[in-house]
There are 2 protein chains.
Amino acid sequence: MAIPRAAKTQRRTRIQEEKEEQILEAALDVFSARGFRGSTIDQIAEVAGMSKPNLLYYFRTKEAMHRALIDRVLYTWLEPLRAFDADGDPESEICNYIRRKLEMARDFPRESRLFANEVLQGAPHIEDELKGPLKELVDEKAEVIRTWAKAGKIAECDPYHLIFSIWSTTQHYADFDVQVRAVLGQEHAGAGRFEDAGRFLEQLFTSGLVRPA
Amino acid sequence: MAIPRAAKTQRRTRIQEEKEEQILEAALDVFSARGFRGSTIDQIAEVAGMSKPNLLYYFRTKEAMHRALIDRVLYTWLEPLRAFDADGDPESEICNYIRRKLEMARDFPRESRLFANEVLQGAPHIEDELKGPLKELVDEKAEVIRTWAKAGKIAECDPYHLIFSIWSTTQHYADFDVQVRAVLGQEHAGAGRFEDAGRFLEQLFTSGLVRPA
DNA sequence: AGATAATTTGACCGATTGGTAAACATTACA
DNA sequence: TGTAATGTTTACCAATCGGTCAAATTATCT
């Protein structure tokens, strides 16, 4: 008889790791493209290349799959902000953050859309993560920015809204990719649009916020 | 026998206008909160306060409702960009645009989320609108901005990405409202957050892009 | 190899989905 | 007021939903 899933934390088979990997990869595909409610287990099963009951053998419910996916992706997703260094040079720290966030929008658009879908629909499954770990991290980094401003290293500004504006501008290129490409048209919607965006955003944020020496 | 719906364009009863209004209002509620696929006709019917078949008497399908809603909201939604005046003062035109977009994020968050949901999931129902009317409008306004830059009235920058950054930063406060409130916490998430955001964004965009006299 | 545990599948379940048919009720207008 | 058009509801449909179950298959270990 199959082991109850609670016991699986003890030892994990090679098959378990592979299959759970496969499933979460497929789940990322589907959830990020259609949102939680708009996705079906059958769709994920098809993308993962396995039968629905087989998929439900590894994750008992649709919600369990979603939660596992969120947990796996959230840490990575916050990495750029975590790397924000209080001892670094303010201007280059901000530029680095923008650049890294933009790279993530380019290289991991599904992860971005996964969260966007979730937050957009009221964050029913990640409210705790937002009010807990996320808020704490942002509070910490906002304090760093405030310190920089107090020291005259950057312009006085609301650090929270600064962070929001970096999030929104960069993630826009992942979440609203279809719109960006439609507006830019075939000529300018090529791979170069991320470089263009990077140049613009660096210009926007540095000359706006960082005082010239 | 009931008139086939195609003939309804000819004359519209008072009841028709009222009910269609009711339905679209309810549809905006539901679609904006759950996305197209995540919404059900029953939910919309319940919010609208009528039975499902009654609702389907006015809109034959779920898609017809969605399309009618998009059509009705799109024009209004683009109004602020349309008001962008080539003959105005660049700095105040940009500030006005930001302010109006922010007001819309505050006063019409459902409309913002409706489009966000749609675009986020690949814009299956509004691709034509994006590549047609939207692109044309943005092309026109981008040309205005370029002219300003050429005339030395504002800094040289990519006009398309400037527009994108205004869209993303302002709409962020509607689309990601839950996240914004979670991060700001109860103390700072009050009604004042839109004023704070407005101040920050004006600072960001003007001192970054508009050359001092 | 054989026993045991782990994995996979097809058949199936009740609930919900988008949508229909037709009877019924109401309105508008002559 | 009568009647035809309009509006509303009840009952229903096939398809799909998330999820279960037991049987069949495969991997693991002695």
Side-chain angles (χ1 to χ4, degrees), chain A residues 1-27 29-31 33-69 121 124-125, chain B residues 1-27 29-31 33-69 121 124-125:
Chain A
M1 194 194 299
I3 274 188
R5 254 149 291 218
K8 283 206 304 191
T9 43
Q10 292 293 46
R11 269 199 217 170
R12 292 182 43 175
T13 317
R14 171 184 49 86
I15 291 185
Q16 277 175 14
E17 286 185 23
E18 285 177 6
K19 293 286 168 142
E20 290 180 5
E21 172 68 34
Q22 256 183 65
I23 293 171
L24 290 181
E25 166 68 22
D29 245 53
V30 176
F31 282 139
R34 310 171 78 104
F36 180 76
R37 275 187 275 257
S39 303
T40 71
I41 299 181
D42 299 79
Q43 288 164 359
I44 298 171
E46 195 192 331
V47 173
M50 55 181 85
S51 66
K52 180 167 65 170
N54 195 185
L55 196 149
L56 286 162
Y57 172 76
Y58 293 99
F59 296 94
R60 261 192 297 234
T61 65
K62 190 180 164 187
E63 304 219 351
M65 276 180 40
H66 191 255
R67 165 144 298 277
L69 184 58
Q121 306 192 2
H125 302 98
Chain B
M1 193 195 299
I3 273 188
R5 254 147 292 215
K8 283 205 302 190
T9 44
Q10 293 293 47
R11 269 200 216 168
R12 291 182 46 176
T13 316
R14 173 183 49 87
I15 291 184
Q16 277 177 15
E17 286 185 22
E18 285 177 6
K19 294 286 167 135
E20 289 179 7
E21 171 68 34
Q22 257 183 63
I23 293 170
L24 290 181
E25 166 68 22
D29 244 54
V30 177
F31 281 139
R34 310 171 77 104
F36 180 77
R37 276 188 273 256
S39 304
T40 71
I41 299 181
D42 299 81
Q43 289 163 358
I44 298 171
E46 195 191 331
V47 173
M50 56 180 87
S51 68
K52 179 168 64 170
N54 195 183
L55 196 148
L56 285 163
Y57 172 75
Y58 293 99
F59 296 95
R60 263 194 295 236
T61 65
K62 190 180 165 188
E63 304 217 349
M65 277 180 38
H66 191 255
R67 166 143 299 275
L69 185 59
Q121 306 193 1
H125 301 100

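Note that the coordinates shown come from a computational prediction; the quantities given were computed from them, not determined experimentally. In what follows, chains are A, B, ... by sequence order, proteins preceding strands, each numbered from 1. Only this structure's heavy atoms are used, side chains among them; waters, hydrogens and symmetry mates stay out.
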Dump the intermediate steps for side-chain contact (heavy atoms from CB on, under 4.5 Å) on B:F36 and B:M65, then the final yes or no.
-> CA-CA 10 Å; B:F36 180 77; B:M65 277 180 38; over 6 Å; no
Among all residues two or more places apart in sequence or in another chain, which pass the side-chain hydrogen bond (donor to acceptor under 3.5 Å, both in side chains) test with A:E21?
-> A:R72
Show me the donor-acceptor pairs within less than 3.5 Å that the side chains of residues 44-53 of chain B make with the rest of the protein, sequence neighbours left out.
unit_1: B:S51; atom_1: OG; unit_2: B:N54; atom_2: N; d: 3.3

Can you name the residues that form a side-chain hydrogen bond (donor to acceptor under 3.5 Å, both in side chains) with A:R34, not counting sequence neighbours?
-> A:Q43
Output yes when at least one side-chain N/O atom of B:Y57 is less than 4.0 Å from OP1 or OP2 of D:dT8, else no.
-> no
Would you please name every residue forming a side-chain hydrogen bond (donor to acceptor under 3.5 Å, both in side chains) with A:Q22, sequence neighbours left out?
-> none
Sequence neighbours excluded, the answer for salt bridge (charged side-chain N to carboxylate O under 4.0 Å, His left out) partners of A:E25 is A:R110
d(CG, B:N54; C1', D:dA11) in whole Å | 16 Å
Distance check: side-chain N/O of B:Q16 vs OP1/OP2 of D:dG7, anything under 4.0 Å?
-> yes
Could you tell me the separation between the CZ atom of B:R60 and the P atom of C:dT20, rounded to a whole number of Å?
-> 9 Å
Take atom CG of A:L56 and atom P of C:dT7, then tell me their distance rounded to the nearest Å.
-> 15 Å
Could you give the CZ-to-P distance, from B:R37 to D:dC17, as a whole number of Å?
-> 12 Å
Among residues 42-53 of chain A, which contact DNA chain C at a heavy-atom distance under 4.0 Å?
-> A:S51, A:P53
Rounded to the nearest Å, what distance is computed from the NE2 atom of residue B:H66 to the P atom of nucleotide C:dG19?
-> 13 Å
In whole Å, what is the span from the CD atom of B:E18 to the P atom of D:dT6?
-> 17 Å
Here the distance between atom P of C:dA28 and atom CD of B:E17, to the nearest Å, is 13 Å
Send over the distance from B:I41 CD1 to C:dT17 C1', rounded to a whole Å.
-> 8 Å
